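Here the structure comes first, spelled out in structure tokens, and everything after it is commentary.
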Amino acid sequence: THFVPMRNYLDLAYVGIISIGTPPQEFKVIFDTGSSDLWVPSIYCSSPACATHNVFNPVRSSTCRISDRSIHLQYGSGMMSGFLAYDTVRFGGLVDVAQAFGLSLQEPGRFMEYAVFDGILGLAYPSLSLRGTIPVFDNLWKQGLISQEVFAFYLNKKEEEGSVVMFGGVDHSYYNGDLNWAPVSKQLYWQLSMDSISMNGEVIACNGGCQAIIDTGTSLLIGPPDVVLDIQKIIGANQSHSGEYLIDCDASNTLSDIVFTINGIDYPVPASAYIQEGPDSTCFSSFDSLRGSLLTADSWILGDVFLRLYFTVFDRANNRIGMAPA
Amino acid sequence: TLASRIPLTRVKSMRENLREKDKLKDYLESHPYNLAYKSDDSADPDSA
């Protein structure tokens, strides 16, 4: 039995289509740089959450091999139980043979019913994956399906237009200027050392340096609770009954950029990005707290709010991350 | 070069879905924000 706790999936918002099996069965998945495993629901799953998602039927796939290895993926107060299987995974013209992936049998907890995606395709380092399995990206490289050991994300604010993940090369038309590279500080997540977080030239967080994880599977800018609370006060955000931080929508025209400095390069995030417009003309802070995590107290997660501004290249060959204005 | 491009679609997040159904508070209370992580697993990886 293999236990692999997972994050909550509250903010995952960019999905792509993959297929598994022969003939192919389609799934909407999150391409997630914050985890390393691939999993989708199975036809054997009896939970209500599985009834609202596409499910994989191994019997209908002539190339599927099922293992007797059970896996348990924990998320928040719920758990996904299932088993490991191997099959052909296809996306974007790539054909990844004998890819290990998880199939869920149970997805207790009603909250997964609200997820728009079927499963997750993890793109973090193999050290984060189920023991003995090779993550999708490593298999693409091992099987000679891509010519460069890189992948890159361009995330567009608009719903249907233009967002893309590219494997094996970088399309330079998606960014301005040169890519600024920063070394990966720990090969588990896509993690690097951040110098500081500042506003109006004054350091407001990460004083003396901290760690930042670049995570396509997170929507917001996540940091330590006490530090995030200070930032909420600085930008004038107040906690609502739901626990979110509300902010005057007009503040997006008046508040200054918050600058994330990484490897000596400034990456400004304007108020229009760190303030998100919700329904009924309410606006929310894009900062949230890291609670109950194994991460150290001085760690940040830079999610889609950051990635929509900066085209990002994940370079496994050189263990570095390249960023440039999208 | 051998390269591939996969289009992504921005969809409504669970946060937005739960917010609309007024269930966000329950979720935030029972699901603290967390990253994926791996605990120790001791079974034989070759059992497959």
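Predicted, not measured: the structure shown is a model, and the values here were computed from it. In what follows, chains are A, B, ... by sequence order, proteins preceding strands, each numbered from 1.
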Exercise. Where does A:Leu155 contact chain B at under 4.5 Å (heavy atoms): side chain, backbone, both or neither?
Worked result: side chain
Problem set entry | Output field: ring centroids A:Phe151/A:Trp190 closer than 6.0 Å | yes
Problem set entry | Region of A:Phe83 that comes under 4.5 Å of a non-hydrogen atom in chain B | neither
Problem set entry | Contacts of type disulfide (SG to SG under 2.5 Å), residue A:Cys64, not counting sequence neighbours | none
For this session: Give, as side chain, backbone, both or neither, the part of A:Phe153 having an atom under 4.5 angstrom from any heavy atom of chain B.
Result: side chain
Problem set entry | Contacts of A:Gln239 that satisfy side-chain contact (heavy atoms from CB on, under 4.5 Å) - sequence neighbours left out | A:Tyr245
Exercise. At a heavy-atom separation under 4.5 Å, does A:Leu140 approach chain B through its side chain, its backbone, both, or neither?
Worked result: neither
For this session: Would you please say whether a donor-acceptor pair under 3.5 Å links the side chains of A:Gln143 and A:Asp96?
Result: yes
